[in-house]
Amino acid sequence: MSTTNALKMDKPAPDSLLDTSTQGIIGKPLDRKEGPLKVSGAATYAAEYAIENLAYGVMVGAPFGKGKVTGVNSDVAKALPGVIDVVTDLDKFIATPAQGLAPKAPQGVEKVQYFGELVAIVLAESFEAARDAAQQVVVEYDEADDGRFDFEALKSEAEKPADGDIPAHFSQGNIDKAMAEAAVTVDSTFTTPSQNSAAMEPHASIASWDDSGNLTIHGSYQLLGQDVKQLSAALGVSESKIRIVARYVGGGFGSKLGIAPESVAAALAARVLGRPVKCVMARQQVFDATVRRSNTEQRIRLGATTDGKLTALGHDTIASNLADDDYFEPTGQATHFMYDAENREINHDLVRLDWLVSGSMRAPGEAVGMLALEGAMDELAEKLGLDPIEFRKINEPAQDPEKNVPHSSRELVRCMDVGAASFGWDKRNATPGTRREGEWLVGIGMAAAARANMLQPSEARVTLSATGHATVETDMTDIGTGTYTILGQIAGEVLGLPLEHVEVQLGDTNLPTAAGSGGSFGAGSSGTSVYLAAEAIREKIAKAMGVDVDALTLKDGHAIADNRRVPLGELAGEGIVAVGSIKPGKQEKETTQSSYGAHFAEVGVNAVTGEIRVRRMLGVFAAGRILNAKTARSQCLGGMTFGIGTALTEDLIHDPRNGKLVNRDLAEYHLPVNADVPQLEVEFLEERDIHANPMHAKGIGELGISGAGAAIANAVYNATGFRVRDYPFTLDKVLDGLPAL
């Protein structure tokens, strides 16, 4: 019989068991528990499950930008050896990925919304046969003559979308008046292109139905609880009849928050065929038909007094999405609370385009929004004759400047100070374009970082066995972030167990429903549910030992109290089972919660070729309690690498004639590679946030990318004296602004 420990974060949690426990594994840079499985190939990913009688599916995309499928000619394909069937249930296929936002019923793909939309699946006895046959399928269509494919030509038709997690439009005071009266102003426009998450593992699903009509999907997904709801809506099957298994996910970065077309196609095909079907998207299909980060055009208006006090702050964004999807890239998410200014306006508008759907990609909002905000802050600091760090300090808000509630914890100033000292900011030449090393111009830049902290409902079950070992069970996913290890550390620390005595089971919807991986809320939410379950077990142990729980010490598999030292297994009896449950509460409204950081970058810009090289980079971060110093550092290193790509290389290009993605693979979509990434340094500040959760930890996975690209951009300006506002900074955008040798 299990016990439940439920908590709603309605008030601060000043006391944490992680501060009084003595096992000593929390926060340590421990190796990942699943690391050996991954490097040896023993970790089973979505497409690798050995399932009997498997058929292979390869999907077929629409070869036009917008219009209607009038037929699918599959006669040649069906006649090929090994081909079983071609499924074209056009009324049942899901047209766009659900993106983890809400269940989405089948819209049908007879009416194609974007180039490459997946409209059929070829089934064969082998992958090779299915792939060959898919190339022989001919999609017949009538192309619409009213396609909307050119963002530049249509941006004047931008409209206000429905409010999301943040309001689409916000206004406080009178920004126009404040700008007109300000002593010093900046009014600059920054542009960012569409981007692709480009996770290493492509989207993949194996669908199996049993005789009772139950569906099992072995898939690559981030939010299993939500994904079951989406599959239920798409297939017309009860949620209780759907099981998703995703024990290992090879990266997602937002692209696997919701179900993608291959899961629905595999499920439909498996039901028609009466046998399991595996469908793995080709890399080009991942680009064509999953999700993109929206392109943006962002106008930043800043007005200040001569001593640097901001009086006006405006952030207006035009992004793009399909006609029936109101998701907008929330570029102003951090702008709402980042700096003090009495007059504020933050707007998000959408241009309706017949391009691939846009949705969440790592650090939605801050990742590209802070490119603009932190670039404009650098511009205004120079106009004012102020050091960029000093300018930010002058505008440090004592509380949320819009909601008038306190920050739960905020160490931005300390991040900047520590980073400046570590990086050698005092050696920076404040006059742009004056430091040369041969034909290389050298510059240093910085930018602030912030990522909103969120808590999501989450449950976990922890069992302490008669052998003194613990098992953690939750459908939380590990997308490469170290979840297996972190949850094991939390349970081990609270229960006084070495990490090797804790087994963690994840990624199966038969287990308690967790928050899932996304939004940097995974560790804080699912970790708290594990913490609460382990806390309930502690109380049971204390009762079994006949002592007050506050007098109990748990360490190395033993309970210590009242001059006794008893093995936990003896106190567990036949086993103690507890379920921990966490929900957000009043604290998310009564405080503004965010993780903070500061990025510092040194770049070299070749005065002849315009080539930009990041020479060194430092990120200093404050994200509450760090649960595992090694996995947290890895997350920040990955985010900073994302920032390098955003600043210098990543540019998903749409053909303005039909919306087709031109560079739709890893050869042409230029991610930063080893030669682009220098030795990156990461420092964490000691911090606790009692308003976030009982562990006092905050999200970190997306903090590393926020502001990173802006630090590089500001360094490029310091090196050259030329301000580029169109990301990424490819050679053609840099050459004309270079000073003469």
Side-chain angles (χ1 to χ4, degrees), residues 45-63 69-95 97 106-110 112 116-141 201-211 213-221 231 234-237 241-245 259-286 288-290:
Y45 288 84
E48 298 175 337
Y49 285 88
I51 295 176
E52 293 184 1
N53 197 29
L54 194 65
Y56 296 82
V58 171
M59 298 196 72
V60 177
V69 175
T70 58
V72 178
N73 189 333
S74 57
D75 292 345
V76 173
K78 289 180 178 179
L80 293 174
V83 174
I84 302 169
D85 198 1
V86 179
V87 178
T88 57
D89 284 343
L90 299 177
D91 60 329
K92 294 186 176 67
F93 276 30
I94 189 165
Q107 304 102 310
V109 292
E110 185 177 5
V112 167
E117 187 173 334
L118 300 174
V119 298
I121 184 170
V122 178
L123 305 173
E125 298 292 348
S126 70
F127 166 71
E128 291 78 10
R131 181 180 59 184
D132 182 35
Q135 296 175 6
Q136 308 303 319
V137 173
V138 177
V139 178
E140 300 164 347
Y141 58 91
E201 179 197 24
H203 292 63
S205 291
I206 301 175
S208 307
W209 298 84
D210 66 17
D211 294 339
N214 297 305
L215 170 66
T216 297
I217 293 277
H218 290 81
S220 186
Y221 291 103
L231 275 172
L235 297 170
V237 176
K241 287 184 169 291
I242 299 174
R243 177 190 180 196
I244 300 178
V245 178
I259 59 172
E262 103 291 337
S263 62
V264 178
L268 287 170
R271 186 158 57 184
V272 170
L273 199 58
R275 58 189 281 199
V277 170
K278 177 197 290 189
C279 183
V280 181
M281 282 192 179
R283 180 62 63 182
Q284 291 81 4
Q285 291 174 337
V286 171
D288 281 345
T290 57

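Note that this is a predicted model, so its numbers are computed, not measured.
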Checklist entry - Got Tyr49 and Val245 here, is their nearest side-chain heavy-atom distance under 4.5 Å? => result yes

Please check this pair: side chain of [X] against backbone of [Y], looking for a donor-acceptor N/O pair closer than 3.5 Å.
{"X": "Trp209", "Y": "Ala267", "value": "yes"}
{"X": "Arg275", "Y": "Ala270", "value": "no"}
{"X": "Ser208", "Y": "Pro276", "value": "no"}

Nearest 0.5 Å please: distance from the [atom1] atom of [X] over to the [atom2] atom of [Y].
{"X": "Ile242", "Y": "Leu231", "atom1": "CD1", "atom2": "CG", "answer": "5.0 Å"}
{"X": "Tyr56", "Y": "Ile206", "atom1": "OH", "atom2": "CD1", "answer": "8.5 Å"}
{"X": "Leu235", "Y": "Ile217", "atom1": "CG", "atom2": "CD1", "answer": "7.5 Å"}
{"X": "Leu215", "Y": "Ile244", "atom1": "CG", "atom2": "CD1", "answer": "8.0 Å"}
{"X": "Ser205", "Y": "His218", "atom1": "OG", "atom2": "NE2", "answer": "10.5 Å"}
{"X": "His203", "Y": "Met281", "atom1": "NE2", "atom2": "CE", "answer": "6.5 Å"}

Next on the checklist: Suppose we screen for side chain to side chain donor-acceptor pair (under 3.5 Å). Which residues come up paired with Glu201, at least two apart in sequence or across chains?
Outcome noted: Ser220, Lys256

Tell me the closest heavy-atom pair linking [X] and [Y], and the distance in Å.
{"X": "Gln285", "Y": "Leu118", "result": "NE2-CD2, 4.0 Å"}
{"X": "Thr290", "Y": "Ala260", "result": "CG2-CB, 4.4 Å"}
{"X": "Pro202", "Y": "Val286", "result": "CB-CG2, 3.9 Å"}
{"X": "Ile121", "Y": "Ala266", "result": "CD1-N, 4.4 Å"}
{"X": "Ala124", "Y": "Ala129", "result": "CB-CB, 3.8 Å"}
{"X": "Gly61", "Y": "Val139", "result": "O-CG2, 4.2 Å"}

Item to check | Heavy-atom neighbours of Glu52 CD exceed 12 at 6.0 Å | outcome: no

Next on the checklist: I'd like to check the salt bridge (charged side-chain N to carboxylate O under 4.0 Å, His left out) partners of Glu48; sequence neighbours left out, ordered by chain and number.
Outcome noted: none

Give the table of side-chain donor-acceptor pairs shorter than 3.5 Å for residues 73-87, with sequence neighbours excluded, one pair per line with atom names and distance.
residue	atom	partner	partner atom	Å
Asn73	OD1	Asp75	N	3.3

Next on the checklist: Test side chain to side chain contact (heavy atoms under 4.5 Å, CB included) on Met59 and Asp288; report intermediate values, then the result.
Outcome noted: CA-CA 12 Å; Met59 298 196 72; Asp288 281 345; over 6 Å; no

